[in-house]
Amino acid sequence: MNIFRLAGDVSHLVAIIILLLKIWKTRSCAGISGKSQILFASVFVTRYLDLFTIFISLYNSSMKIIYISCSIATVYLVYFKFKATYDGNHDTFRVEFLVVPVGGLSFLVNHDFSPMEILWTFSIYLESVAILPQLFMISKTGEAETITTHYLFFLGLYRGLYLINWIWRYYFEGFFDLIAIVAGLVQTVLYCDFFYLYVTKVLKGKKLSLPA
Amino acid sequence: DDKTATKDEL
């Protein structure tokens with residue numbers, strides 16, 4: 001464990017909690033892409049199956065349980081409890097265009113052709129594009145609530161910090177996992193446009209509205 | 001290879 005990975009995990013946790021609290025407190029999931037939340041929940045479920053087979057550390061297991069439960073709770077709030085506030089007309093990204101290629105790729109490019117490893121690879125590839133329905137929805141509505149932009153900021157930051165963690169681990173431990181690194185790069189690059197808008201608008205107290 | 005063993009990251 002190094003400071004960048006810990007900061008990344010904290011940033012990820014903050015993002016997940018911000019979203020859950022935003023929906024719970026405002027009793028509304030306006031502007032939130034339920035499709036992205038379903039993708040994130042499947043990312044955690046497919047990646048953390050080893051929760052029951054391998055014990056790495058209390059930290060590792062508890063974070064996995066928190067991520068899985070929060071993401072499933074968020075999906076529940078969006079599609080059931082606050083369904084009336086779900087903006088389905090703008091959440092129209094065709095997720096099959098993500099899941100099918102990602103599913104195919106995880107069979108073709110992986111470290112080991114075993115079920116657990118293919119599921120882990122699927123999860124890594126899926127996570128790198130899981131935010132697309134959310135970003136697509138914001139481009140369709142042309143704006144985002146400020147709290148939602150904070151959620152996106154921490155979510156984007158987390159994998160960026162993981163990239164630094166992988167540089168650190170390569171330099172000090174000689175460890176690197178090309179699949180995770182390439183997917184992490186794609187994932188972080190997808191946020192670049194948002195990061196630019198976040199820094200130039202939201203941090204200056206303006207509302208995030210598109211086109212810029 | 002060793003990658004499948006070291007899934008110590010979240």
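Here is how names work: the chains are called A, B, and so on, in the same order as the sequence lines, proteins then strands, and each is numbered from 1.
No donor-acceptor distance shorter than 3.5 angstrom exists from the side chain of K35(A) to the backbone of V95(A), with no hydrogens or angles considered.
Remark: D177(A) does not engage R169(A) in a salt bridge, criterion side-chain N to carboxylate O under 4.0 Å.
A heavy-atom distance below 4.5 Å is not found between the side chains of S28(A) and F82(A). Side-chain contact between H111(A) and W120(A) is present, with heavy atoms from C-beta onward closer than 4.5 Å.
The aromatic rings of F153(A) and Y198(A) lie parallel to each other, their planes meeting at an angle below 30°, with 60° marking the opposite boundary.
Contacts between D9(A) and chain B at a heavy-atom distance below 4.5 Å involve the side chain alone, from C-beta outward.
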Item to check | Check against side chain to side chain contact (heavy atoms under 4.5 Å, CB included), V78(A) and K83(A) | outcome: CA-CA 6 Å; V78(A) 171; K83(A) 182 178 176 58; over 6 Å; no
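For F80(A), the CZ atom is loosely surrounded, since the number of other residues' heavy atoms within 6.0 Å does not exceed 12. Residue Y59(A) places its OH atom among more than 12 non-hydrogen atoms of other residues, nucleotides or ligands, all under 6.0 Å distant.
For a heavy-atom cut-off of 4.5 Å, chain B lies close to R159(A), Y162(A), N165(A), W166(A) in residues 157-168 of chain A. Within residues 42-49 of chain A, the residues having any heavy atom less than 4.5 Å from a heavy atom of chain B are, in residue-number order, R47(A), Y48(A).
Distance check: L77(A) CG to K22(A) NZ gives 11.0 Å after rounding to the nearest 0.5 Å.
Residues I138(A) and L208(A) approach most closely at CG2-CD2, 4.1 Å, considering heavy atoms.
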